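Read through the structure below, which is laid out as structure tokens, and then see the notes.
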Amino acid sequence: METRYTHSPEDIRHYSTEQLRKEFLVESIFVPGEVRLTYTHNDRMIFGGVTPTDKPLTIELSTELGVTYFLERRELGVINIGGPGSIVIEGTEEPMKKQDGYYIGKETKDLQFKSEDPSNPAKFYTVSVPAHHKYPNVKISIDKIEPMVTGDSATLNHRSIYQYIHPNVCQSCQLQMGYTILTPGSAWNTMPCHTHERRMETYLYFDMKEDTRVFHFMGKPDETKHLVIANEQAAISPSWSIHTGVGSSDYTFIWAMCGENITYNDMDMVPMKELK
Ligand SMILES: O=C(O)C(=O)C[C@H](O)C(=O)CO
Ligand SMILES: [Zn+2]
């Protein structure tokens, strides 16, 4: 597991492109046969990919977290963005096709991730945050979620926001997680943009062609910088940072947040005239 420490906006003022990418971009997430996780000290979120091939994978974290097993004091969100697979939770196997999600509560001990076909592996995007209470494990399928449809094709930001881990769907301590699909022809996500001083967030961009790039904007609203992001890479967004992007072609992304509350709309919207 790779560790990323926290920054103040002043720290990044004079960062080179390379430094900014090293601190805020995660380039390698889905590696066949591996668990690849990043621990950000922003609200202690652990996120990354579990990509099983010919044998099941488990997330083994104990001494790193000072506990006896991974979810002793944490909750976990999972969304499969790859081929068909399954999750075995305390002996019960649940099929997980692309777009299927799972909320897995604190104190769940045995967890295995499997792929049906090693040549088309499942890609489990996993996000875990500290938890104080054990809530039930819930399987989440995209067709049961009523999306928030927002934006407009005239402003190139028409999109559907599927809130997977949200009070409408399941309980959680502080994790919120969802999947945003842009309408073909739209290119901007999260525009107009926002910050949320009370929560951090990560964005995983995927379903992109080899040559597609997303220009992901970050930083204080009046001092923005960008990361150029390829398929299946993720950005860390501290609470003080905007997070918005524009793609050179179609893309999808998964967002995940944690912090003081689980109120999705608790955002500080940034007026366009304040962006610099
Ligand atoms: O397209 C969007 O807008 C989003 O998906 C926004 C994220 O959900 C977000 O940033 C929530 O704080
Ligand atoms: Zn946000």
Side-chain angles (χ1 to χ4, degrees), residues 6 9 24-26 40 42-43 45 47 77 79 81 99 101 103 125 127 129 140 142 145-170 172-208 212 214-221 224-227 229 233-272 274-275:
T6 51
F24 297 98
L25 177 68
V26 180
T40 165
N42 283 286
D43 288 315
M45 180 184 276
F47 65 100
I79 300 178
I81 67 154
Q99 295 184 327
Y103 170 80
Y125 184 58
V127 181
V129 300
I140 303 156
I142 195 165
I145 304 170
E146 189 60 48
M148 273 176 57
V149 181
T150 188
D152 200 308
S153 55
T155 42
L156 307 179
N157 64 347
H158 193 261
R159 60 204 193 279
S160 301
I161 303 175
Y162 292 84
Q163 295 162 309
Y164 277 62
I165 298 180
H166 179 277
N168 289 344
V169 177
C170 63
S172 69
C173 293
Q174 55 164 339
L175 182 62
Q176 290 185 78
M177 190 171 178
Y179 198 107
T180 299
I181 302 178
L182 274 81
T183 307
S186 278
W188 279 99
N189 75 69
T190 327
M191 181 52 78
C193 65
H194 61 263
T195 58
H196 21 67
E197 196 60 42
R198 295 153 294 283
R199 290 196 301 263
M200 61 77 71
E201 191 159 3
T202 45
Y203 271 30
L204 168 77
Y205 289 103
F206 62 100
D207 278 350
M208 290 161 61
T212 300
V214 171
F215 286 70
H216 174 94
F217 295 90
M218 60 168 293
K220 296 264 280 184
T224 65
K225 296 178 176 291
H226 71 268
L227 299 165
I229 301 189
Q233 296 185 340
I236 298 169
S237 183
S239 57
W240 44 263
S241 175
I242 62 159
H243 36 284
T244 174
V246 61
S248 61
S249 182
D250 47 317
Y251 65 95
T252 304
F253 71 100
I254 291 174
W255 44 270
M257 302 187 268
C258 71
E260 293 295 342
N261 63 48
I262 51 168
T263 309
Y264 180 85
N265 290 329
D266 179 20
M267 296 168 179
D268 304 308
M269 296 307 294
V270 177
M272 289 307 252
E274 283 178 17
L275 284 174

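What you see is a predicted model; the values in this text were computed from it and never measured. Both ligands and their constituent atoms are indexed starting at 1 by order of listing.
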Polar proximity ligand 1 side, Asn189 side, N/O cut 3.5 Å exclusive: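 No, there is no polar N/O contact under 3.5 Å.
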Within the side chain of [X], is there an N or O that forms a donor-acceptor pair under 3.5 Å with the backbone of [Y]?
{"X": "Thr195", "Y": "Glu197", "result": "no"}
{"X": "Tyr164", "Y": "Gln99", "result": "yes"}
{"X": "Thr155", "Y": "Asp152", "result": "yes"}

Are side-chain N/O atoms of Thr190 and Tyr203 paired as donor and acceptor at under 3.5 Å?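 Indeed, the side chains of Thr190 and Tyr203 share at least one donor-acceptor pair under 3.5 Å.
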What's the NE2-the Zn ion (ligand 2)-NE2 angle here (His243, His194), rounded to 10 degrees?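 About 90°, to the nearest ten degrees.
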List the steps and the verdict of side-chain contact (heavy atoms from CB on, under 4.5 Å) for Met257 and Asp266. CA-CA 12 Å; Met257 302 187 268; Asp266 179 20; over 6 Å; no
Among all protein non-hydrogen atoms, which one is nearest to [atom], and what is the separation to 0.1 Å?
{"atom": "atom 8 (O) of ligand 1", "answer": "Tyr264 OH, 2.7 Å"}
{"atom": "atom 5 (O) of ligand 1", "answer": "Thr180 OG1, 2.7 Å"}
{"atom": "atom 1 (O) of ligand 1", "answer": "Arg159 NE, 2.5 Å"}

Number the atoms of ligand 1 from 1 as they appear, then name those within less than 4.0 Å of a heavy atom of [X], with their elements.
{"X": "Glu201", "answer": "7 (C), 9 (C), 10 (O), 11 (C), 12 (O)"}
{"X": "His243", "answer": "10 (O)"}
{"X": "Trp255", "answer": "5 (O), 7 (C), 8 (O)"}
{"X": "His196", "answer": "12 (O)"}
{"X": "Met267", "answer": "11 (C), 12 (O)"}
{"X": "His194", "answer": "9 (C), 10 (O), 11 (C), 12 (O)"}
{"X": "Phe253", "answer": "1 (O), 4 (C), 5 (O)"}
{"X": "Met257", "answer": "11 (C), 12 (O)"}

What is the ring orientation for [X] with [Y], classed by angle as parallel under 30°, tilted 30 to 60°, or perpendicular over 60°?
{"X": "His226", "Y": "Phe215", "value": "tilted"}
{"X": "His196", "Y": "His243", "value": "tilted"}
{"X": "Tyr251", "Y": "Tyr205", "value": "perpendicular"}

Counting heavy atoms only, which part of Thr190 comes closer than 4.0 Å to ligand 1: side chain, backbone, both or neither?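 Both the backbone and the side chain of Thr190 come within reach of ligand 1.
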Can you tell me which portion of Trp188 lies within the under-4.0 Å heavy-atom range of ligand 1? Options are side chain, backbone, both, or neither.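 None of Trp188 does.
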Verify the ring-centre separation between Tyr179 and Phe206: is it less than 6.0 angstrom?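 For Phe206 and Tyr179, the ring centres are under 6.0 Å apart.
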Looking only at N, O or S atoms, which one in Glu201 sits nearest to the Zn ion (ligand 2)?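 It is OE1 of Glu201.
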Hey, mind stepping through His158 and Thr183 against side chain to side chain donor-acceptor pair (under 3.5 Å) and telling me if it holds? CA-CA 6 Å; His158 193 261; Thr183 307; 2.7 Å; yes
